[in-house]
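Keep in mind that what you see is a predicted model, and the values were worked out from it rather than measured.
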Amino acid sequence: MEKAFPTSKMRNIGIIAHIDAGKTTITERILYYTGRSYKMGEVHNGEAVMDWMPDEQERGITITSAVTTCHWKGAEIHIIDTPGHVDFTIEVERSLRVLDGAIGVFCAVGGVQPQSETVWHQADKYRVPKIAFVNKLDRAGADFFGTVQMMRDRLGANPLIMQIPAGMEESFQGVIDLLGMKQFIWDEETLGATFRATDIPEGLMETALKHREKLVESVAEVDDQIMEAYLAETPMTTEMLVPGIRRATASLKLVPVFCGAALKNRGIQPLLDGIVDFLPSPLDVPPMEGIDPDTAQVKKAHPSDGSPLTALVFKVMMDQGRRLNFVRVYSGRLNTGDEILNPTRQTKEKVARILAMHANKRERIREAHVGNIVGVVGLKASVTGDTLCDPSNPIVLEPIDAYEPVISVAVEPRTHADQEKIEQALSKLEAEDPTFRVKHDEDTGQIVISGMGELHLEILVGRLRRDFHTQVNVGKPHVVCKETVEQAAQAVAVFEKEIGGIRHFGEVLLELSPRERGKGNWFVNSLPDESLPAEFVPAIEQGVTESLETGVLLGYPVVDVAVALIGGTYKESFSSHLAFKVAASMACKEGLQKARPLLLEPIMAVQILVPEAFMGDVIGDINARGGKIEHLERKGEIQIIDATIPLSKMFGYSTALRSATQGRGTFTMHFSHYDRALEPPKAL
């Protein structure tokens, strides 16, 4: 089967932004104007195509990243609409990992908000080229140029203004295109499907010419071909500038900025043109690099159908009891019925079906080509971050980073019938979501689930009830703490015992010392080579590692501790791996007791937007919660407060903030770091 679109005409893009900046609204307009959907779904009505989960429709937010495909001006655009809520950051992370380009959406009123920064830096980490769309220019308080300046200040971006607004707030009527020097006005009757190109009004011509000159200069600064033409004073046409802007965008030197008001149906078609003109195809980005598992040499996956297969599983979803893997193909071809290798798990997998995705609808296809993002049914062992490849040409791609959960709740089944279903349901949810953890508390016999926030766990418990028909009782949330040590200490332990008629002996001397916060644990063998046989050192390290999994204060994992092996004794015929492993574990536990153990709790970075009249009350409340004010900034009548506050003090904060500000204050928060707990954690 020949593919309908060549790889050079393919665009894999994601829409990333802070919660409520308008990502899903923009996606709905794109689907409508490209003819992919016949009706424009609205988030506030619970009718958005991309927000298909019942939880998404009820809450009016995106929870899971949805994939769809549409066509515009001869190009095939694959779009992933990602969540903006911080609890679902993993959805953004794994989407960006497989995308070739992204659209950063900014609210013209809020500007660059905290979660905008987080997702932007995630895109930078994977070197994803970006274009920006400043949305909601029709809203009171909209500031296009202020938002562009915030992109420079907060994101370190180099924005290239492609359009300026014609009017602002209530008078916003269209945009002025600086490439073609035309004004675009959208028709209300056609829901923005048609628009007129008119001459630029006299009152805006001077501003437009100034920004057009800036655009040409900015492109010339980063592109040699445009610089040559600029110095030769050649008149700059659109045909000359577009390739230069495309090269600068693909190399992350510039970020083209578009503007509009998605809810009023203004500005979407030029944004679609920008996707096609400026964002790269799979052929324009450097080949994906991986490691040959046999030789540990770096290998490249060249983006052509004739190359050996290389693909990445970036998401797992349970669909009507079946496992559906979302896969991005980087090289080669994936066919139905293929037997492929998962080198990450060292297993062979069989491709039963390949599906082209449109949100929760799907269509069976026989094969997937380079650049395709598809659903695959039949993979049994593969999880998020695993590589799929040709068995004769193994390659392992860089995995996807997962985040550590910061909040836990205990769940228990209501009936005996639920008891049987809950284990299976939780293991399926854990396979889907790398930030969700399930563990059995041996002391209490409870099942403890951990996630990224209250909303995250609330939605997962809702899915247990709705999708898996399992009724559970849920305990109060607990903060997931860590333990560490404050000072250095030495400890020695001897294990000498007869087990099954065989005598075991091992003696270990360890020194524990604190490390800088966030550096992680570290084991080092400081013994001279001849003092202890090298074969026992891995057993000692394993004993230490297992011992650090549960601390001596409250049983939380131990972090940021250096453990040095500084002494040990062995007996020729009695020493064993088991003896040294147990001795190391005992010595480590004793060392933790001696080294002044310390409890660490998660500290959240919180940004609060509050009218000035309520500022004093809000700051007083932050201090009462043990928080620290990091930064204050004024934006119009609103004060922006950046603070760090312990997560244990943030439960129910939205209600407290609303009541303190007559419902006018809003806040966002995300995990910042672990720091000394002011008091032992308790159920909240």
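- In this structure the side chain of Met650 reaches within 4.5 angstrom of the side chain of Val606, judged on heavy atoms.
- A donor-acceptor pair under 3.5 Å is formed between the side chain of His577 and the backbone N or O of Glu535.
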| task | Applying ring-ring contact (aromatic ring centres under 6.0 Å, His included), run through His504 and Phe574 and close with a yes or a no. | result | CA-CA 5 Å; His504 296 264; Phe574 301 128; 9.6 Å; no
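- What you find for Cys588 and Leu512 is that their closest heavy atoms are O-CD2, 3.9 Å.
- Looking at Gln424, its side chain never comes within 3.5 Å of a backbone N or O of Lys421 through a donor-acceptor pair.
- Scanning for ring pair (Phe, Tyr, Trp, His ring centres under 6.0 Å) contacts around His121 gives an empty result, with sequence neighbours left out.
- Here the side chain of Glu483 pairs no donor or acceptor atom with the backbone of Leu598 at under 3.5 angstrom.
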| task | Start with the C-alpha distance between Ser408 and Val448, add both sets of side-chain angles, then the distance that settles side-chain contact (heavy atoms from CB on, under 4.5 Å), and finish with yes or no. | result | CA-CA 6 Å; Ser408 297; Val448 178; 3.7 Å; yes
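- By the 4.5 Å heavy-atom criterion applied to side chains, Leu647 and Ile603 are not counted as neighbours.
- None of Val485, Leu553, Thr550 except one satisfies the side chain to side chain contact (heavy atoms under 4.5 Å, CB included) rule with Leu592; the exception is Val485.
- Rounded to the nearest 0.5 angstrom, Asn12 CG and Arg328 CZ are separated by 4.5 Å.
- Crowding of Glu516 atom CD: a count of heavy atoms from other residues, nucleotides or ligands under 6.0 Å not exceeding 12.
- Each of Lys482, Lys519, Arg515 was checked for a side chain to side chain contact (heavy atoms under 4.5 Å, CB included) with Val559, and the lone residue meeting it is Lys482.
- Salt-bridge formation is not detected for the pair Arg676/Glu601: no Lys NZ or Arg NE/NH1/NH2 atom is positioned less than 4.0 Å from an Asp or Glu carboxylate oxygen.
- Val374 is not listed as a side-chain neighbour of Leu355, based on a closest heavy-atom distance of 4.5 Å or more.
- Side-chain contact annotation: Lys628 with Thr644, donor-acceptor N/O pair under 3.5 Å absent.
- Closest approach of Ala102 and Val128 over heavy atoms only: N-CG1, 3.8 Å.
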| task | Start with the C-alpha distance between Trp522 and Asp560, add both sets of side-chain angles, then the distance that settles side-chain contact (heavy atoms from CB on, under 4.5 Å), and finish with yes or no. | result | CA-CA 8 Å; Trp522 186 50; Asp560 304 333; over 6 Å; no
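- A side-chain donor-acceptor contact under 3.5 Å links Ser382 and Glu349.
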| Worked verdict on Asp292 versus Ile395 for side-chain contact (heavy atoms from CB on, under 4.5 Å) | CA-CA 5 Å; Asp292 187 320; Ile395 180 173; over 6 Å; no
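- For the pair Glu289 and Glu398, the minimum side-chain heavy-atom distance is 4.5 Å or more.
- The structure places CG of Leu312 at 5.5 Å from OG1 of Thr387, a figure rounded to the nearest 0.5 Å.
- Here the CZ atom belonging to Phe314 is positioned 9.0 Å from the OG1 atom belonging to Thr384, to the nearest 0.5 angstrom.
- With rounding to the nearest 0.5 angstrom, the CG atom of Leu532 is 6.0 Å from the CG atom of Leu527.
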Only pairs under 3.5 Å count here: list side-chain donor-acceptor contacts from residues 492-499, not counting sequence neighbours, and write none if there are none.
unit_1: Glu496; atom_1: OE2; unit_2: Arg503; atom_2: NH2; d: 2.3

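- Annotation for Arg596: atom CZ does not count as buried by contact number, only 12 or fewer foreign heavy atoms lying within 6.0 Å.
- When each of Leu457, Thr470, Ile422 is paired with Val411, the side chain to side chain contact (heavy atoms under 4.5 Å, CB included) condition holds for Ile422 and for no other.
- Looking at Lys589, its side chain does come within 3.5 Å of a backbone N or O of Ser547 through a donor-acceptor pair.
- With no hydrogens or angles considered, a side-chain donor-acceptor pair links Gln607 and Asp642 at under 3.5 Å.
- Distance check: Ser585 OG to Leu510 CG gives 10.0 Å after rounding to the nearest 0.5 Å.
- Considering Asn342, Asn325, Thr347 in turn, Asn342 is the only one that fulfils the side chain to side chain donor-acceptor pair (under 3.5 Å) rule with Asp386.
- Put simply, CZ on Phe536 and CD on Glu541 are 16.0 Å apart, with the number rounded to the nearest 0.5 Å.
- The two residues Ile608 and Tyr653 come nearest to each other via the heavy atoms CD1-OH, 3.3 Å.
- Closest approach of Val472 and Arg465 over heavy atoms only: O-NH2, 3.0 Å.
- Closest approach of Val508 to Ala587, counting heavy atoms only: O-CB, 4.0 Å.
- The side-chain heavy atoms of Met288 and Thr310, taken from C-beta on, include no pair separated by under 4.5 Å.
- Residues Ile354 and Val351 have side chains in contact (heavy-atom distance under 4.5 Å, counting atoms from C-beta outward).
- Not one N or O on the side chain of Thr569 forms a donor-acceptor pair closer than 3.5 Å with the backbone of Glu507.
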| Residue pair Asn521, Val544: steps toward the side-chain contact (heavy atoms from CB on, under 4.5 Å) verdict | CA-CA 10 Å; Asn521 294 330; Val544 167; over 6 Å; no
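- Nearest heavy atoms, Arg323 versus Leu379: CD-O, 3.2 Å.
- Side-chain contact between Glu412 and Ile447 is absent, with no heavy-atom pair separated by less than 4.5 Å.
- Counting only heavy atoms from C-beta outward, the side chains of Phe523 and Val537 approach each other to under 4.5 Å.
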